[in-house]
J.: 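Just dropping this structure here.
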Amino acid sequence: MQFLDRPDGRLAYDVVGQGPPLFLVTGLGGSRHYWENLVPALSRAFTVVTHDHMCTGDSHGNRVSHTVEALTDDVVALMDHLQIRQTNFLGHSTGAAVGQILAQDHPQRVLKLVLYAGWAGPDPFFKLCFEVRKALLQGSGIASYQRASAIFLYPPSWISADAARLEALIARLLATSATEAVLAARIDMIVAFDRRSRLRDIAAPTLVLCAKDDTLTPLYLSEELTANIPQATLASLPWGGHAASQTCPDDFLQETLGFFATLNPITRT
């Protein structure tokens with residue numbers, strides 16, 4: 001683990017592997033450990049960079065204004081610090097929101113883009129999900145909020161198949177959790193995110209990836225992204241929930257590695 005000083009804190013990050021750069025940016029939980037099951041495979045082909053979002057995990061700070069734009073600024077600062085001019089990018093959920101802003105506001109920095117379990121802007125269903133999650137957080141506390149997160153992340157059959165595995169994941173969520181105030185601010189952050197009007201500004205070849213049974217950011221949100229990003233293709237996994245990279249990693253890697261290996265992406269008309 002290494003650190004990058006930022007104006008409002010210290011960003012914890014890891015760099016593993018050799019090859020073209022690949023930034024893995026995690027979702028609302030903010031922990032770089034979300035990717036730990038994929039890093040061994042990805043680092044055989046890429047220099048993999050992961051980090052904890054500011055004020056989560058090992059990234060300690062005093063950020064007041066939590067926005068997806070600020071998270072994107074952290075990624076750009078980390079790229080500059082590591083002297084990475086351009087990178088491949090794989091973002092999960094909130095990380096997919098970061099990827100959109102990076103590709104829109106810093107197009108010269110992005111080689112290829114994977115938007116996994118993402119969305120372009122909120123709709124009534126999305127707002128309701130996070131209204132309920134925020135109410136649970138503020139009414140019952142962090143432990144209840146993190147335990148309930150498993151229901152939004154994983155398919156029921158995956159939860160039922162291995163209780164010990166689930167408890168280990170919940171323990172990790174609790175260990176890397178932000179404070180209640182930061183969690184609430186980050187929920188407000190993603191509900192406020194809306195880049196629908198800028199989707200056609202994304203010039204990078206883009207893979208939009210979602211599991212068909214994702215109940216937090218359902219497939220239709222990925223279809224909206226695909227329909228409006230000029231060089232986007234959609235890959236839908238048959239199963240896996242919101243955290244398909246953890247529940248069906250082989251299928252996930254097949255899609256993502258295949259996309260990154262393609263030298264001549266097909267432009268959708």
Side-chain angles (χ1 to χ4, degrees), residues 1 12-14 16-17 24-44 48-53 55-60 90-96 114 116-118 129-130 132-180 182-184 186-187 190 209-219 236-257:
M1 179 174 60
Y13 69 93
D14 291 320
V16 182
L24 305 180
V25 180
T26 190
L28 187 61
S31 171
R32 69 194 190 281
H33 296 296
Y34 174 83
W35 304 105
E36 63 186 10
N37 68 314
L38 297 189
V39 167
L42 291 172
S43 62
R44 289 196 288 269
V48 176
V49 182
T50 59
H51 72 282
D52 290 342
H53 293 188
C55 300
T56 71
D58 295 308
S59 291
H60 302 297
L90 195 172
H92 174 229
S93 198
T94 302
V114 177
Y116 151 43
C129 282
F130 287 97
V132 170
R133 293 185 74 182
K134 186 178 179 181
L136 177 63
L137 169 68
Q138 295 178 326
S140 299
I142 292 174
S144 294
Y145 169 81
Q146 296 292 12
R147 289 194 67 82
S149 293
I151 298 171
F152 293 96
L153 290 173
Y154 306 116
S157 58
W158 192 88
I159 290 174
S160 296
D162 191 334
R165 174 181 60 190
L166 176 66
E167 290 302 323
L169 285 167
I170 291 173
R172 173 60 64 85
L173 288 173
L174 287 168
T176 60
S177 179
T179 64
E180 181 178 320
V182 169
L183 287 171
R186 283 167 59 83
I187 290 173
I190 63 170
L209 183 60
C210 185
K212 291 181 179 179
D213 62 342
D214 185 338
T215 58
L216 186 59
T217 53
L219 183 61
S236 57
L237 300 174
W239 177 88
H242 189 63
S245 60
Q246 293 183 337
T247 57
C248 54
D250 292 342
D251 291 343
F252 185 90
L253 285 170
Q254 181 177 349
E255 293 289 352
T256 52
L257 288 174

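The figures that follow rest on heavy atoms only: side chains count, while hydrogens, waters and symmetry mates do not. Since we're looking at a predicted model, the values are computed, not measured.
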J.: Can you measure from CG (D214) to CG (L237) and round to the nearest 0.5 angstrom?
T.: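 If I round to the nearest 0.5 Å, the distance is 10.0 Å.
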J.: Kindly give the heavy-atom pair with the smallest separation between D52 and D58, and that separation in Å.
T.: OD2-N, 2.8 Å
J.: Please determine, by modelled atom types, if R32 and T176 share a side-chain donor-acceptor pair under 3.5 angstrom.
T.: no
J.: What distance separates C129 SG from K134 NZ, expressed to the nearest 0.5 Å?
T.: 15.0 Å
J.: Determine yes or no for a side-chain-to-main-chain donor-acceptor pair under 3.5 angstrom, with S59 supplying the side chain and A12 the backbone.
T.: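 Yes; judged by distance alone, with no hydrogens or angles, the pair exists.
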J.: Who are the ring-ring contact (aromatic ring centres under 6.0 Å, His included) partners of Y145, not counting sequence neighbours?
T.: none
J.: Could you tell me whether R147 and E167 make a salt bridge, using a distance below 4.0 angstrom between a side-chain N and a carboxylate O?
T.: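 Looking at R147 and E167, the cut-off is met.
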J.: Quick one: pull up CG in L42 and CG in N37 and give me the separation to the nearest 0.5 Å.
T.: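 Interatomic distance, L42 CG to N37 CG, rounded to 0.5 Å: 9.0 Å.
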J.: When you compare the side chain of I142 with that of L137, does any pair of heavy atoms fall below 4.5 Å?
T.: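 Yes - at least one pair of side-chain heavy atoms lies under 4.5 Å apart.
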J.: Kindly give the heavy-atom pair with the smallest separation between D213 and G240, and that separation in Å.
T.: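 Looks like OD1-N, 3.0 Å.
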J.: Where is the tightest heavy-atom contact between L183 and S177, given as atom of each residue plus distance?
T.: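 Looking at all heavy atoms of both residues, the closest pair is CD1-OG, 3.6 Å.
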J.: Nearest 0.5 Å, please: how far is CD1 in I190 from OG1 in T217?
T.: 9.5 Å
J.: Quick one: closest heavy-atom pair of T247 and P155, and the distance?
T.: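 T247 and P155 have their closest heavy atoms at CG2-CD, 3.8 Å.
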J.: Using 0.5 Å steps for rounding, measure from the OG1 atom of T50 to the CG atom of L24.
T.: 6.5 Å
J.: Could you pull out the closest heavy-atom pair between L216 and F152, with the gap in Å?
T.: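 Reported closest heavy-atom pair: CD1-CD2, 3.7 Å.
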J.: As a quick check of understanding, evaluate side-chain contact (heavy atoms from CB on, under 4.5 Å) for H53 and V25, giving each step before the final call.
T.: CA-CA 9 Å; H53 293 188; V25 180; 3.8 Å; yes
J.: Tell me the closest heavy-atom pair linking A148 and L136, and the distance in Å.
T.: CB-CD2, 3.3 Å
J.: Does H92 have any ring-ring contact (aromatic ring centres under 6.0 Å, His included) partners at least two apart in sequence or in another chain, and if so, which?
T.: Y34, Y116, H242
J.: Mark yes or no for whether T56, through its side chain, and G30, through its backbone, hold a donor-acceptor pair below 3.5 Å.
T.: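 Flag set: sc T56 to bb G30 pair under 3.5 Å.
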J.: Find the distance between CZ (R133) and CD (Q146) and round it off to the nearest 0.5 Å.
T.: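 The distance works out to 8.0 Å.
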J.: Counting only pairs under 3.5 Å, give me each side-chain donor-acceptor contact of residues 248-257, with atom names and distances, residues two or more places apart or in other chains.
T.:
from : atom 1 : to   : atom 2 : distance (Å)
T256 : OG1    : F252 : O      : 3.0
T256 : OG1    : L253 : O      : 3.4

J.: Evaluate the side-chain proximity of Y154 to L169: yes if any heavy-atom separation is below 4.5 Å, no if none is.
T.: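 In short, these two side chains touch, coming nearer than 4.5 Å.
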